[in-house]
Every structure is written in structure tokens, then in C-alpha cells.
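In what follows, a single structure is set out as C-alpha cells and then discussed.
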Amino acid sequence: MNQINWLDEVINRKEQLIKDTQDFLKIKSVLDEENGTPNAPFGPGIDEALQYLLARGSEDGFTSKNVDGYAGHLEMGSGDELVGILCHIDVVPEGDGWSSDPFGAEIHDGKIVARGALDDKGPTMAAYYAMKIIKEIDLPLTKRVRMIIGTDEESDWRCVDHYFKQEEMPTMGFAPDADFPIIYAEKGIADFDLVQKTVLPSTGKLRLESFTSGLRYNMVPDFAEAKLEGEGELQEMVEEYQEFLQQNALVGRGICDENTVIFQLEGVSAHGMEPEHGKNAGLFLASFLERYTLDEQANHYINFINEYFIGDSRGTGLGVAYSDDITGDLTINVGKLSYTADRGGQLGLNLRYPVTNDMDSTKQKLEEISDKVGFKLENYSNSAPHHVDKNHPLIRTLQKVYEEQTGEEATLVSIGGGTYARSLEAGVAFGPLFPGRPDVAHQKDEYFYIDDLVKTTAIYAQAIYELAK
Ligand SMILES: [Zn+2]
């Protein structure tokens with residue numbers, strides 16, 4: 001049994017693998033709740049892709065199950081234990097600017113180009129063929145292997161929520177929905193708002209009417225705008241603003257008339273998992289405004305931002321800084337800032353914390369310090385960290401397989417983001433993006449190299465076999 005050349009097995013089926021991947025990608029499986037039905041809650045496109053894969057699976061001899069149109073699975077093997085491969089067949093909307101039809105799945109320069117090629121229908125087909133190969137060469141398994149097919153990964157994960165309420169949790173598994181080699185640890189992610197507790201009447205020489213920046217907790221805002229009203233010296237402020245922009249190598253503008261002035265600032269967006277990779281437009285603008293005496297409400301808001309968030313993405317000022325060897329530093333992204341004179345101000349924060357961090361006590365600290373300085377914590381949501389011990393048989397097996405198949409070291413990676421693997425109890429993200437390949441998921445002209453599709457299929461086939469044999 002050790003003589004199987006997995007790559008050869010895939011190459012023998014390469015033409016069919018490519019054709020099936022293309023057919024699968026031609027289905028426009030974008031969320032469309034408006035046209036959803038009780039058995040196809042996410043709309044006809046997603047349902048068609050789910051039905052397609054389940055029908056293929058039945059034809060190829062797998063046990064198949066459609067779980068209320070929310071998810072499905074294909075299973076083979078026998079035994080008490082269950083190995084899971086968690087995939088998803090929904091894709092994000094195609095967006096603009098494509099060089100070819102986003103649902104044409106055309107081949108250009110050795111790449112299949114389509115929305116979902118890399119995320120996650122291409123890798124789903126790789127995992128499907130991996131199972132199919134094991135089945136066709138009739139290898140004995142002592143465990144069951146189940147491909148779990150999610151349909152709402154790109155939105156709210158209602159698929160896995162629904163699925164695992166009624167279906168078995170695999171003993172161990174992987175999600176082909178991120179990077180090779182192996183992502184074994186993911187930080188916890190908490191979103192919440194800090195809101196000014198009291199709103200005072202707006203009086204004073206210089207009043208902040210509004211301040212807005214950012215729309216999403218998990219992104220560094222790339223735009224901010226503040227509107228002020230006051231008497232005199234507004235033109236001077238605009239001049240000082242130009243200097244400030246220059247000193248900080250920023251783009252922006254100040255526009256004033258008799259008694260109002262508007263400041264706009266362009267920053268650099270980045271994912272909230274590493275705020276220092278971007279330039280937070282809202283924080284820069286707040287740091288500019290700090291030099292002025294505004295009305296009391298606005299002063300309180302702007303000073304709070306300056307004291308606790310500017311130049312501090314690690315929660316040091318708030319007293320919640322934490323770091324561990326597995327996942328590194330706790331990080332805080334100020335994703336949303338909004339203020340109006342009549343409602344006061346708030347900050348929308350995205351906090352990512354290491355796997356050994358006790359979030360309950362961190363939350364308590366945040367509540368205490370906010371309370372002390374006139375803010376309250378609201379709209380709290382939390383997704384726990386995810387981590388599989390590096391000596392777990394799952395990790396050991398995947399490392400061995402990856403090294404045999406690629407000749408490269410299978411380093412273990414920890415990230416600040418969340419992958420689909422966190423919906424498995426003992427699951428890791430395993431491929432499909434090889435080190436050095438650009439991540440084109442969610443972008444125009446998304447593609448998957450055919451060579452990578454083939455290699456990935458071979459890796460998955462051996463991995464599934466080794467986990468379930
Ligand atoms: Zn994905």
C-alpha cells in the first residue's frame with residue numbers, strides 16, 4: 001500500500017479533473033437570499049452547486065446527504081471515527097474589471113480563471129477527486145471520511161451552524177480553504193463598540209459637528225472626514241492641516257467657508273488582523289484634531305482616541321496587552337469611528353487575542369477602564385481562538401504528507417485571522433495556496449494554477465488516506 005504514486009493517480013485523471021472543475025465553476029453560486037426557498041435558503045445558484053456536487057458524489061458511489069439546503073456531505077469508508085474535510089461552494093460576488101467571464105472558467109496561461117477558482121470550489125474539487133481516487137483504487141480504510149460541503153462561508157457561516165446542530169463532529173479534519181503548509185492556530189476575535197456614556201449640549205468656540213471613518217470592524221479605515229463649526233481662524237486650521245498632511249506623508253484636504261470647515265483624510269486600508277500594515281485614516285485625523293480645544297463632548301471623544309489608540313495597536317494603554325509563543329500579540333484595530341454632536345461618539349473595535357489569553361478577564365478590564373473614563377462597552381461578539389496541539393496525530397500526519405509530496409518543510413503557521421477550520425473541533429487549514437503564490441481570493445481574475453490543482457489533489461489524496469487508513 002505504500003507504493004501508491006499519488007501524483008500519477010491524479011495525472012491519470014487530469015483531463016476529467018479539469019473539466020469537472022470548470023463545470024463546477026460555471027455555476028454562479030453567489031448568495032441570493034431574496035430568491036431563497038425553505039430548502040434552498042441561500043438562493044438558486046448555491047443550491048445548484050450543492051446539488052451538483054452531491055449528485056456527482058452519489059454517481060461515484062459515496063453516501064450523500066443534503067442537510068436542508070444549508071450544507072451537505074459525501075461519505076466513504078467505515079469505522080467509528082470520522083475524518084472531515086470541510087469545504088465551501090459559495091463564492092463572493094464577482095465584482096468588476098475581469099479580463100474574462102468570471103463564470104466562464106476559461107484556461108489562460110495554465111490557470112483556470114473564475115470566481116471561486118481558489119476560494120473554494122477549485123480546492124473543493126481537489127478534495128473530491130482525492131476521495132474519488134482512494135475509492136477507485138479501493139484502499140481499505142478503518143475510519144469514515146466525510147466531505148462536509150458548506151454553503152455560507154462567505155457570509156455568516158449559517159451552513160456549519162445548522163449542520164453541526166444535527167450532524168456528527170469529525171474526530172479530526174482539515175479545511176482546504178487557506179494556505180499551505182498548515183495553519184494550526186488562529187487568534188480569538190472579539191468585536192465591540194465603546195460608546196460615550198453622556199451627551200452634553202454642544203457649546204464652545206469650536207464645535208465638532210461630525211466625525212466618521214470606517215465601515216467594518218476588521219478593516220483599517222482608508223478614509224475619514226470631520227466637520228467643525230466655529231468662529232474665526234478656520235483658514236489657519238486649513239493651513240495647519242496641510243502641514244500636518246505633509247509631515248505624515250498623507251493625502252487629504254481641508255475646505256472652509258465662513259464658519260464651517262471640513263477635513264478629509266485618505267489613509268491606507270489593511271486587514272484588521274495587523275493594523276500596523278495600514279494607515280488608519282480615522283486615527284490620523286483624530287490626532288490632528290487633538291491640538292485644538294473643541295467643545296467638551298468632542299474633546300472627551302478625541303482625547304480618548306488619542307490617549308488609548310494612537311500609536312498603540314497592542315492594547316498597552318488599555319492594560320490588556322498580551323502575547324504568547326503560539327499566536328503572538330493581542331492586537332486592536334479601530335475599524336469604525338463615528339461622532340455626531342447630538343448623539344456623541346463611539347469606536348468600533350476589532351480585538352484579536354492569542355490562544356492562551358483569557359478573554360473574559362480582558363473584557364472585564366476593558367469594561368472597567370472604559371467606565372472609568374466615561375465610555376461603555378456595547379455590541380460585544382466573540383469568536384473563540386482555535387488551536388490544535390502541534391503533537392496531535394492530525395498535524396504529524398499532514399506534515400509528513402506535505403513533506404513527502406512537496407519536498408518542502410511543513411512549517412506550522414499561526415494567524416490572526418479566522419479560517420473555516422475553526423468550525424471543526426480538531427481541524428486545521430491545509431492549503432490550497434502554496435507559499436509564494438499570490439492570494440487572489442475575492443479579487444478580479446481569481447485563478448488557480450492547473451499544476452497547483454493537480455499537486456493539491458495528490459496531497460489531499462495521500463493525506464485523507466493516511467488519516468483514515
Ligand atoms: Zn473560502
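One is the number of the first residue; the rest follow in order along the sequence. Ligands are counted one by one from 1 in listed order, and the atoms in each one are counted from 1 as well.
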| With a 4.0 Å cut-off, would you call E9 and K132 a salt bridge? | no

| message | Does atom CD (E425) have a neighbourhood of more than 12 heavy atoms from anything else shown, all under 6.0 Å? | response | no

| note | Counting only protein N, O or S atoms and ignoring waters, those under 2.8 Å from the Zn ion (ligand 1) are H88 NE2, D119 OD1, D177 OD1, D177 OD2

| Any residue meeting side chain to side chain contact (heavy atoms under 4.5 Å, CB included) with D96, in chain and number order, not counting sequence neighbours | none

| message | Counting only heavy atoms not in N391 (residues, nucleotides, ligands), do more than 12 fall under 6.0 Å from its CG? | response | yes

Give every donor-acceptor pair under 3.5 Å between a side-chain atom in residues 43-54 and any protein atom, sequence neighbours left out.
from	atom 1	to	atom 2	distance (Å)
D47	OD2	Q51	NE2	3.3

| Sequence neighbours excluded, every pair satisfying salt bridge (charged side-chain N to carboxylate O under 4.0 Å, His left out) that has a member inside residues 28-38 | K28-E94, E33-R158

